[in-house]
Number of protein chains: 2
Amino acid sequence: MATIKEVAQRAGVSIRTVSRVLNEHPHVANETRERVLRVIEELDFRPNAAARYMRTGQSQLIGFLTDEVAQNVFSYDLIIGAQQAAWEHEKLLFLLNTGNDPQVEIRAINMMRDHQVEGMIYATMYHREIGHSQFPEDIPIVLVNCYADDRSLPCIVPDEVGGGRLATETLLKKGHRRIGFVNVAAQEPAPLGRLEGYRQALAHYGIPFDEALVRYIEEPFEGLATSTYDCVLSLLQMNDPPTGIFCFNDLMALGAYDAIRKSNLRIPEDVAIVGFDNVEMLAAQIHPPLTTIELPMFEMGQLAVRMLLEEGAIAQDGQFVQHIIECPLIIRRSV
Amino acid sequence: MATIKEVAQRAGVSIRTVSRVLNEHPHVANETRERVLRVIEELDFRPNAAARYMRTGQSQLIGFLTDEVAQNVFSYDLIIGAQQAAWEHEKLLFLLNTGNDPQVEIRAINMMRDHQVEGMIYATMYHREIGHSQFPEDIPIVLVNCYADDRSLPCIVPDEVGGGRLATETLLKKGHRRIGFVNVAAQEPAPLGRLEGYRQALAHYGIPFDEALVRYIEEPFEGLATSTYDCVLSLLQMNDPPTGIFCFNDLMALGAYDAIRKSNLRIPEDVAIVGFDNVEMLAAQIHPPLTTIELPMFEMGQLAVRMLLEEGAIAQDGQFVQHIIECPLIIRRSV
DNA sequence: GCAATTTTTGCCATCGTTGGCAAGGCCTTC
DNA sequence: GAAGGCCTTGCCAACGATGGCAAAAATTGC
């Protein structure tokens, strides 16, 4: 590829002048500028980003680390959201999946440092706590879907409690008073928070919390829909069965659908269902389409990059920012 | 961050010696090497990749362009496959989604050129033909899931015909003789190829091709499952209805499931179903789990990077390589 | 017409690294 | 003890761009 030197020679000016044209400095004669621009076009010249970085110290690069792939559909939205925001800032995004291997993670972070990224985003597939010590101190970091054990890093997490509350309220507003919650058993922010939201919504409507209506699916998550199927079946066989069920996620709602159909009940006439995640491929396609709470991954990805580049990831008072993102209700036809 | 100069000063040697240690040159006294390594550790020094590129011309960077996000689950596997292969070669991957906008595409390619990528991968979400002129000639390119209109670029595409044949054979082997095919209407490699595979399999078993058993869903794909639902319902209401149905993709198989259940038939006892894509979230979770043909996106992503870096993307005889990837059968319980 | 000012341009150092070349030191070997 | 060889090390020039500074050219004011 052509270099600035070749452009200068061909245009009959000095390298410095070409540089001035490139960077839109004032004090370049119109005629000269046009000649240089013509040569740039002719040679299809593009300034070398690495060389430019050498002088300016700006790499225009951002690193995006994810912990694991899993079967996670919304993770893709997260990445694309970040990528799009990076694009808007004319930055390029490195993608690196560590597979949750600490060794890989260390090397990955080092590689990003080698390439002088201006900031890094570390995203986990599930909302969880992580160690903070693994990150270099000289590079801005934003965590997504996770938070540092000592809260020393800025982060973006979904509002699990609000989402759980919204899901439950959606059922309550439709008149349901016996509401089941099929949760997962892990002691983590998502199941814990959504349960808390479920309780808050019930309390707000003056309905006593009934242990028997809350069920926990054990990991591993293989056959998650099937486990939920069994679970919902037993829920429907209670003396006083629920008429509305809040499922921890959309995949589990799929299992609930099967159980309800098996019981010869209709959705939403006999039993209403609310899911969580808004995995379009699932929620919008099953019959009837699933009303669910959206995990706004695209927006979280966008916000992560914007925090890095615009806000500097640090709040005014020196405190690290914790963005808690609202999870909106997506109304379809299962309620 | 520390530079090689600071390391040299602190270790009391010249920069050149530190460089030799970094690059594992011979002819460095053990004692010196150890002293240098100690200082490198102390200062947490890492060589600057941009500066290194300046001398060596090796950027260790690969660009990955995708055309659109869509609701495409397997696209993620493609990206992660490429990322993993890049990692194995100690390269970093730029991810850029163009949203199928030609203007964005041009700028994206330029940005990658600016950053001196050693090669680029261009992946489309659907198997299709693309123009070749948009790509720079001085950078190796590998196409994934698409091919250049003049076949001038190396590419990796799934074996649609083989997949269609395998799907149909799977039903034939189970004794089914009336086999429906719910296809999509587009004139593109995937529907065309899979139909060809369907015909080949029937022909191989000496079964005449029956127009009436092949249906076409029109785009747009919104409510794809629902359209398929109607379509399968009409298929089952024929005088001589099919006992096995091959669906163009897993999402459509979901609609087929609903139609079959609605008709009070059982899967697979009354009607067997084969899908395509192997979207785990769907295929493994619905009831009964779906037998399907896998689109091996992860492998295709890996292969793309390997072609770029290992094979140089050009075949021995100067012809460009076209890798046609076999799509394996994933046996579950719907057949 | 000349000084003062402004515009336009070019020279050179620099960013952090690697590679060519050469020099100095030490060890063989006869 | 001298010559030749290898081991070890350092100096300097590059890579492609930008920025400071100053020189050259053009413009202005009186």
Side-chain angles (χ1 to χ4, degrees), chain A residues 1-37 39-40 43-61 90 110-118 138-139, chain B residues 1-37 39-40 43-61 90 110-118 138-139:
Chain A
M1 281 209 296
T3 70
I4 197 173
K5 199 170 163 186
E6 299 172 54
V7 174
Q9 269 171 6
R10 186 135 166 186
V13 295
S14 73
I15 289 178
R16 187 70 185 88
T17 300
V18 178
S19 173
R20 262 187 287 253
V21 172
L22 287 173
N23 294 280
E24 288 168 343
H25 274 234
H27 306 313
V28 178
N30 272 332
E31 198 204 341
T32 313
R33 189 201 328 282
E34 273 161 33
R35 184 152 33 97
V36 170
L37 286 174
V39 174
I40 285 174
L43 297 180
D44 194 19
F45 165 79
R46 301 231 97 221
N48 183 317
R52 181 173 267 178
Y53 156 78
M54 289 293 287
R55 283 289 336 215
T56 64
Q58 317 236 252
S59 67
Q60 313 283 41
L61 264 20
E90 312 229 336
N110 277 338
M111 274 174 83
M112 302 230 161
R113 282 220 291 163
D114 296 352
H115 285 270
Q116 316 297 318
V117 292
E118 293 178 356
D138 50 2
I139 296 177
Chain B
M1 281 209 294
T3 68
I4 198 175
K5 198 169 163 186
E6 298 172 54
V7 173
Q9 268 171 7
R10 187 134 164 187
V13 295
S14 73
I15 288 177
R16 187 70 184 89
T17 300
V18 178
S19 172
R20 264 186 286 252
V21 172
L22 287 173
N23 293 281
E24 289 170 343
H25 274 234
H27 308 313
V28 178
N30 272 334
E31 198 203 342
T32 313
R33 188 200 331 279
E34 272 161 34
R35 185 151 34 95
V36 170
L37 285 174
V39 174
I40 285 174
L43 296 180
D44 194 19
F45 164 79
R46 302 230 95 220
N48 183 318
R52 181 173 269 179
Y53 156 77
M54 289 292 287
R55 282 289 342 213
T56 63
Q58 318 236 253
S59 66
Q60 314 283 36
L61 263 22
E90 312 226 338
N110 277 338
M111 273 174 82
M112 303 228 161
R113 282 220 291 164
D114 295 351
H115 285 270
Q116 316 297 317
V117 292
E118 295 178 355
D138 49 1
I139 296 176

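The basis for the numbers below is simple: all heavy atoms, side chains too, and nothing from hydrogens, waters or symmetry mates. Note on naming: letters A, B, ... go to the chains in the order of the sequence lines (proteins, then strands), and numbering restarts at 1 for each one.
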Checking A:Arg35 against A:Val13 for the side-chain contact (heavy atoms from CB on, under 4.5 Å) test, could you report, in this order, the C-alpha distance in whole Å, the side-chain angles of both residues, the deciding distance, and whether it holds? CA-CA 10 Å; A:Arg35 184 152 33 97; A:Val13 295; 3.9 Å; yes

Rounded to whole Å, how long is the line connecting atom [atom1] of [X] with atom [atom2] of [N]?
X        : N      : atom1 : atom2 : value
B:Met54  : D:dC15 : CE    : P     : 9 Å
B:Arg113 : D:dG16 : CZ    : C1'   : 16 Å
B:Tyr53  : C:dT17 : OH    : C1'   : 13 Å
A:Gln60  : D:dA17 : CD    : P     : 15 Å
A:Met1   : D:dC15 : CE    : C1'   : 14 Å
B:Ile40  : C:dT17 : CD1   : C1'   : 13 Å

Non-hydrogen atoms of [X] and [Y] that approach each other most closely:
X        : Y       : result
A:Glu118 : A:Ser59 : OE2-N, 3.1 Å
A:Ala11  : A:Val39 : CB-CG2, 3.8 Å
B:Thr3   : B:Phe45 : C-CE1, 3.4 Å
A:Met111 : B:Arg46 : N-NH1, 4.3 Å

Output yes when a side-chain donor or acceptor of B:Glu34 lies under 3.5 Å from a complementary backbone atom of B:Glu31, and no otherwise. no

Take B:Leu22 and B:Ile40 through the side-chain contact (heavy atoms from CB on, under 4.5 Å) test and state the conclusion after the steps. CA-CA 9 Å; B:Leu22 287 173; B:Ile40 285 174; 3.8 Å; yes

Counting only side-chain nitrogens and oxygens, does A:Ser19 get under 4.0 Å of the OP1 or OP2 atom of D:dT18? yes

Please step through side-chain contact (heavy atoms from CB on, under 4.5 Å) for the pair B:Tyr53 and A:Asn48, ending with a clear verdict. CA-CA 11 Å; B:Tyr53 156 77; A:Asn48 183 317; 3.1 Å; yes

Rounded to the nearest 0.5 Å, how far does [atom2] of [Y] lie from [atom1] of [X]?
X        : Y        : atom1 : atom2 : result
A:Met112 : A:Ile139 : CE    : CD1   : 10.0 Å
A:Leu43  : A:Arg10  : CG    : CZ    : 4.5 Å
A:Asp44  : B:Asp138 : CG    : CG    : 7.5 Å
A:His115 : B:Gln60  : NE2   : CD    : 6.5 Å

Please give me every residue in residues 45-52 of chain A whose heavy atoms get under 4.0 Å of an atom in DNA chain D, ordered by residue number. A:Phe45, A:Arg46, A:Pro47, A:Asn48, A:Ala51, A:Arg52

Residue pairs passing the salt bridge (charged side-chain N to carboxylate O under 4.0 Å, His left out) test where at least one lies in residues 16-28 of chain A, sequence neighbours excluded: none

Mark up nucleotides 7-14 of chain D, 5' to 3', with B wherever a protein heavy atom is under 4.0 angstrom from a base atom, S wherever such an atom reaches only the sugar-phosphate, and - elsewhere. SBBBB-BB

Using a strict heavy-atom distance below 4.0 Å, which residues from residues 2-11 of chain B are in contact with DNA chain C? B:Thr3, B:Ile4

Applying side-chain contact (heavy atoms from CB on, under 4.5 Å), run through B:Asn23 and B:Arg52 and close with a yes or a no. CA-CA 11 Å; B:Asn23 293 281; B:Arg52 181 173 269 179; 3.9 Å; yes

Can you pull out how bent the helix from C:dG1-D:dC30 to C:dC30-D:dG1 is, comparing the axes over its first five and last five pairs, to 10°? 40°

Look for any protein N or O under 3.5 Å of an N or O in nucleotides 23-29 of chain D and output each such pair with its distance, or none.
none

